[in-house]
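Read the structure below first, then the notes.
Whatever order the structure lists them in is the order used to number ligands and atoms, beginning at 1. Keep in mind that what you see is a predicted model, and the values were worked out from it rather than measured. What's counted below: heavy atoms across the whole structure, side chains too, no hydrogens, waters or symmetry copies.
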Amino acid sequence: MQLQQGQLAKIIGLSLGNAFVAIGLPYELGQSGRATKREFGDFQCNGAMAGGKTLGKNPREIATQIAALIAGQTGIEKIEVAGPGFLNIFLEPTLLNNRANEILDDDRAGAEIVPVPRKIVVDYAGPNVAKSMHVGHLRATIIGDSLKRIFRFRGDEVLGDAHFGDWGFQMGLLIASLAQEQPDLPYFDENHTDAYPEISPVTLADLERIYPQAAAKVKVDENYRNEARKATAELQAGRAGYRALWAHFVTVSREALKREFAALGVEFDLWLGESDVDHLIPGMVEDLAKKGILVDDQGAKVVFVHDKMVPAKDGGERPNVPPLLVISSEGSAMYGTTDLATILDRKNRFQAELVLYCVDQRQSEHFETVFRASDKAGYLRRDQLEHIGFGTMNGKDGKPFKTREGGVLKLHDLITMVRTKAADKLQEAGVAKDLPAEERAQIGDMVGIAALKFADLQNFRGTSYVFDLDKFLSFEGKTGPYLLYACVRIKAIMRKAAEQGVIAGEIMIAEEAERELLLTLDGFELALSGAYEKRAPHILADHAYNLAGAFSAFYANCPILAASNGAVRASRLALASATLKQLEIALDLLGIQAPERM
Ligand code: ARG
């Protein structure tokens, strides 16, 4: 009889599940997990405990019945009843060997694909015109990029969109400030009919200087605020000079942002911005009005999305979810307006079935409002829109990370700092010391980025974590550099094997550490599907770390090239090669690349 293929836990689950059904219990009771101790076998199943409750019988009796049904089935060497009714399952070597060779021959290293692929947009990073990115954008970028990779690897059709913040009040504010600073520019002359200059009147440095000043002033100066609001409305209405000026702001900012993303190894499929849906807004407003859900509210137009009233701070009542402000009293489209129109665009243009918004937890109310409005308008349903929130990266004081001077750290400065520290660390640890300087510098950058990304992704995204660069950069412990080191070590073994003419062959699991490594390799599918279902890359990060650990234990106990038997040598080399493949895939899904050597 042909042995079944695929993930071991699934194969065992099938046998056990059918056995539970045969004695009148649910199939799900047959689920098993890795055994916690070697003497408990390879897998453990606790289903008899619940089964005993359901049938009012002693769980041990149930476990004994199940064991009798399973014993002797293909792949199962031994099944034991332990304690009050646990089932310990020992697998046949052939089953283990089959699975090992299957993973070895599989380009996906044992990972499955979704049966029905979906079209998915991941909206992440969310950079803005005129504002350089700061540490707050780091998590949105790292987590979003990893989710994009995970969904794509799982077989979905995924588009990553930067959703550039290039519309709305901030744009009007910049225009109004520049009008005060340089009123003679042709962009402000309503009678100007020639083409506008091709060279931007401002650099990124100008924008970064102007914006914070303007943002502070607008809070205290009402005239100024009105100017900015007017400019916003005029820009959106299509005033030519303003549009030309705005186009410069966008280009200057986007080019700088792209450089920063490149340093992080992050790319987007789409660089659409809020402004790209502006042309959809009039039609959308009309549609919302036609559907009877657009309501006049003190001169503005809103869509109510609450389902009940709750007590307000002032003693009165307020809606449990605030309304979506579609058009302000000045006639401007707002942040939520462009978000709603973007949903429409993603639905119509890309047939998106699911949109993941990887944005700071603090915007949760905004998204709840927009998602409800979309559902109410019949665009995408509430369950097709997900806000993937996350906590903050904190300083050692437990508060959101600040520079020593108390300011917000720019992402660019953070990356520079990480790179410099990584280079120091290489020197200190004597890593890559014999390699050419240029290669060493590249390795330093890779180590730095791996440190930063892994430190972020190894935490459940909802939790905040403390920025501790020394810890992140350590070559020991649960860190990015440790994982890169594990990869590089296996690559070195592969190179040496090639030099010695040793070729990988069929895997034969014999030693304890080989068995442990294989069972870990087999767990990849479970980790990947968990990360996918829960939108939680840390499950995959955990897997990568466990895999590196299992490899270390294997390598310490089972010499590869020094093994005296040729078949054993070929088998162990193959096991190492399967490990490397899976580790590199797992790291790639976290956005991390390993060097060839170091
Ligand atoms: N630009 C926004 C900000 O800095 C984030 C954009 C998030 N995405 C979205 N579709 N609203 O807050």
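Of the possible polar contacts, one joining the Glu274 side chain to the Trp167 backbone as a donor-acceptor pair under 3.5 Å is found.
Using a 4.5 Å heavy-atom cutoff, the side chains of Tyr532 and Leu528 are not in contact.
Short contacts between ligand 1 and Tyr357, defined as distances under 4.0 Å to a heavy atom of the residue, involve ligand atoms 10 (N). Remark: ligand 1 atoms within the under-4.0 Å shell around heavy atoms of Asn128 are 1 (N), 2 (C), 3 (C), 4 (O).
Contact annotation for Asp360 and ligand 1: no heavy atom of the residue comes within less than 4.0 Å of the ligand.
In this structure, the ring of Phe268 has its center less than 6.0 angstrom from the ring center of Tyr124.
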Worked check of ring-ring contact (aromatic ring centres under 6.0 Å, His included) between Phe454 and Phe472: CA-CA 8 Å; Phe454 194 81; Phe472 297 176; over 10 Å; no
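Distance CD1/Ile415 to CE/Met417: 11.0 Å, rounded to 0.5 Å.
In this structure, the protein non-hydrogen atom closest to atom 6 (C) of ligand 1 is Tyr335 OH, 3.5 Å. Looking only at heavy atoms of the protein, atom 8 (N) of ligand 1 is closest to Asp123 OD1, 3.1 Å. Protein heavy atom at the shortest distance from atom 7 (C) of ligand 1 is Val359 CG2, 3.5 Å. Closest to atom 12 (O) of ligand 1 among all protein heavy atoms lies Gln363 NE2, 2.8 Å.
Donor-acceptor pairing under 3.5 Å is lacking for the side chains of Asp542 and Gln458.
Partner Tyr196 forms a ring pair (Phe, Tyr, Trp, His ring centres under 6.0 Å) with one of Tyr187, Phe188, Trp246 and no other, that one being Tyr187.
Contact between Phe164 and ligand 1 is absent, with no heavy atom of the residue lying under 4.0 Å from the ligand.
Every N/O-N/O distance between Glu274 and ligand 1 stays at or above 3.5 Å.
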